[in-house]
Amino acid sequence: MFDLDFEQSLEFNLNQQLLKLSLALNHPVGRASLVVMAEHREAAGEFFKQYLLPRREQTRKLIQIAIERHEIIADYPFELMLDTLYGPIHYQIIFFNCKPDEAYIHNLVSLVMQPVLVQK
């Protein structure tokens, strides 16, 4: 999908990651995968464990680096933040039959990042 660039900011990486996710899920294979996961809990669990969990772990590592760089605050429910970022992408594709564009994703990331940014 998207390899994180640990030299870049958390915001940059989240934007890139969500753009790639949007493209992948909007593809017929991506849409079919969403349907299969909605219908088959075991398949969804395996997909999460084998594919999404390792990527989420990489994003957690990136969050830790961003904390160490003083880009973001340390005390925040980051698991909820990640859910808040990924959920709207699925929602747009499933319910509105629309691929979120770059402006949508940029605005989403900015909105979700606002509470965690270190005020300079």
How many angstroms lie between atom CG of L18 and atom CD1 of I105, to the nearest 0.5 angstrom?
-> 5.5 Å

Would you say the side chain of M113 lies within less than 4.5 Å of the side chain of L10, judging by non-hydrogen atoms?
-> yes

Nearest heavy-atom neighbours spanning N26 and C98 | OD1-C, 4.5 Å

More than 12 heavy atoms from other groups under 6.0 Å of CD on E42 = no

Show your working on salt bridge (charged side-chain N to carboxylate O under 4.0 Å, His left out) between K20 and D3 and close with a plain yes or no.
-> CA-CA 10 Å; K20 296 291 184 183; D3 293 323; over 6 Å; no

Under 3.5 Å, side chain of S22 to main-chain N/O of K99, donor-acceptor pair present?
-> no

Treating Ile, Leu, Val, Met, Phe, Trp and Tyr as nodes and any side-chain heavy-atom pair under 4.5 angstrom as an edge, say whether I94 and I89 lie in one connected cluster.
-> yes

Would a distance-only check, ignoring hydrogens and angles, find a side-chain to backbone donor-acceptor pair under 3.5 Å from N13 to L4?
-> no

Calculate, to the nearest 0.5 Å, the distance between atoms CG and OG1 belonging to L14 and T59 respectively.
-> 6.5 Å

Taking C-beta and beyond as the side chain, do Q58 and L62 meet within less than 4.5 Å on heavy atoms?
-> no

Hey, quick one: are L82 and L80 part of the same hydrophobic cluster, counting side-chain heavy atoms closer than 4.5 Å, chains of contacts allowed?
-> no

Can you check whether L108 reaches N15 side chain to side chain, under 4.5 Å on heavy atoms?
-> no

Is it possible for you to say whether L25 and V29 belong to one hydrophobic cluster, with membership spreading through side-chain heavy-atom contacts below 4.5 Å?
-> no

S9 OG to I65 CD1 distance, which is reported to the nearest 0.5 Å | 12.0 Å

So how far is it from D83 CG to F78 CZ, rounded to the nearest 0.5 Å?
-> 13.5 Å

Would you confirm whether H90, through its side chain, and Y86, through its main-chain N or O, come within 3.5 Å as a donor-acceptor pair?
-> yes

Between K49 and P54, what is the shortest heavy-atom contact and its length?
-> O-CD, 3.5 Å

With rounding to the nearest 0.5 Å, note down the distance linking CZ in R55 to CG in L21.
-> 11.0 Å

May I ask you to check whether over 12 heavy atoms, not counting those of E102, lie within 6.0 Å of atom CD?
-> no

E11 side, atom CD; H106 side, atom NE2 - distance, nearest 0.5 Å = 6.5 Å

Are the side chain of R56 and the backbone N or O of E79 linked by a donor-acceptor pair below 3.5 Å?
-> yes

Atom CD of E7 with >12 non-hydrogen neighbours under 6.0 angstrom | no

